[in-house]
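No hydrogens, no waters, no symmetry mates; every other heavy atom, side chains included, goes into these values. Note on naming: letters A, B, ... go to the chains in the order of the sequence lines (proteins, then strands), and numbering restarts at 1 for each one. Just so we're clear, the structure is a prediction, and the values are computed from it rather than from any experiment.
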Amino acid sequence: MTRDEILTTVTEVLEEALGVDEEDVTPEATLIGDLEAESIDFLDIVFRIEKAFDVKIEQGELFPDNVAQNPEFVQDGKVTQKGITALKERLPHVDFTEFEQDPDVTKVGDIFTVDTIVRFVERKLAA
Amino acid sequence: MRWMWIDRILELEPAKRMVAIKNVTLAEEHLHDHFPTQVIDGETHSALPIMPACFIIEGMAQTAGILVGHASNFQEKVILAKITKAELRRDVIPGDTIRYEAVIDRLDPLGASTTGTISVFDHSCGSWTEIGDIELFFSHVDQNRAGVEFPEENFVFGSNFEALLSASNLPNL
């Protein structure tokens, strides 16, 4: 499956899960900021990606799980270096470069873009 | 007391599919307000009792919610998290019987997604007519707390659900 084919299917998934228009689903669009995804939408997206690509996604594999509740990972509203290291290990499809400049925990959601999901699917299908 | 929008469960295939019905009657007070006789610009418009779409959706949410809850023996607090799609192609009026058929698409420790069809019994020809589709998403709320605490008791499935299950010859909670 080519990257473009994956993007087309991911776009369809996001149109259905979030009720957004195709033209809004650009690779750089953030799921929360641009596409207005809410917390429950992330589980819906996981279910739909599994079905669309016939893959099994474990809890916390595509999107982070319980980061904010772990005091080792979050201190004074910032994700600690230990937290960032753990996130990078768990989420190799995510680009943390910009987030590391200001690891505000409320901005974790901003790092998830349409392209993040495409990269995840690419890795998953190649595995 | 939870406001119930299904009268009887007819079929249950655990963790797969459930069918429930609701009889719509003119004795339901909300139908008198939806819509009453109105005078608009001096012209009288007769009362038009139509089952509000939001209550039809709630009926499907209760049908699908019981199906999802039953799959965990009602141990999970099953909360309607998202109405992914709701399409109704015809009004439902007093005298109609609504049939809700809910199917689980995906069941996970964190939640479930369901699709459902809505039919209405056509008394003139004695058959069911499909009038709508509703897709829902449920959260097992204890598994998605995000730091929020919820009461220990299962406040979702209360005594009125128990009465409904008994009336439908299904095991109690």
Side-chain angles (χ1 to χ4, degrees), chain A residues 10-22 25 31-32 35-79 83 87 90 105-109 112, chain B residues 15-17 53-54 57-58 60-62 64-65 67-69 71-72 75-89 102-117 132-150 152 155-156:
Chain A
V10 167
T11 301
E12 287 167 4
V13 162
L14 294 175
E15 281 177 65
E16 287 174 7
L18 304 177
V20 292
D21 294 328
E22 185 182 350
V25 189
L31 300 183
I32 293 176
L35 303 182
E36 299 182 350
E38 296 181 16
S39 57
I40 197 67
D41 293 321
F42 286 85
L43 184 57
D44 191 8
I45 291 167
V46 167
F47 282 5
R48 288 172 187 273
I49 292 286
E50 283 187 331
K51 194 174 178 182
F53 294 98
D54 194 23
V55 293
K56 176 78 184 126
I57 302 171
E58 301 299 331
Q59 192 175 336
E61 190 182 349
L62 173 53
F63 301 117
D65 193 24
N66 295 327
V67 175
Q69 280 77 55
N70 188 332
E72 275 193 79
F73 291 171
V74 180
Q75 282 169 14
D76 302 324
K78 302 276 185 190
V79 179
L87 281 170
R90 285 191 215 167
V105 70
T106 62
K107 294 181 180 169
V108 169
F112 292 95
Chain B
K16 288 185 180 170
R17 172 182 165 274
C54 57
I57 294 170
E58 174 64 18
M60 179 59 84
Q62 293 184 0
L67 173 63
V68 173
S72 68
Q75 296 306 299
E76 294 287 355
K77 300 181 182 87
V78 178
I79 299 290
L80 176 62
K82 182 160 81 165
I83 301 166
T84 311
K85 174 188 168 188
E87 184 179 307
L88 296 170
R89 297 179 284 276
V103 174
I104 291 180
D105 283 337
R106 181 76 161 78
L107 183 62
D108 183 274
L110 296 177
S113 62
T114 64
T115 52
T117 52
D133 305 288
I134 296 180
E135 295 177 13
L136 302 172
F137 202 89
F138 293 90
S139 170
H140 288 155
V141 76
D142 281 340
Q143 315 300 331
N144 296 284
R145 291 170 192 246
V148 179
E149 290 296 323
F150 293 102
E152 191 64 34
F155 52 85
V156 179

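The heavy-atom pair separating B/Thr84 from A/Glu16 by the smallest distance is CG2-O, 3.8 Å. When every heavy atom of B/Ser139 is checked against every heavy atom of A/Ile40, the shortest pair comes out as CB-CD1, 3.7 Å.
Taking CG of B/Leu110 as the reference point, atom CZ of A/Phe42 lies at 14.0 Å (rounded to 0.5 Å). To the nearest 0.5 Å, the span separating CG on A/Asp44 from CG on B/Leu136 amounts to 11.0 Å. Separation of atoms CG (A/Leu43) and NE2 (B/His140) is listed at 10.0 Å; rounding is to 0.5 Å.
B/Ala53 meets the side chain to side chain contact (heavy atoms under 4.5 Å, CB included) test with B/Leu88; sequence neighbours excluded.
Between chain A and the options B/Glu135, B/Lys82, B/Lys85, the largest number of non-hydrogen pairs under 4.5 Å is found for B/Lys82.
Using a 4.5 Å cut-off between heavy atoms, A/Glu50 touches chain B through its side chain atoms alone.
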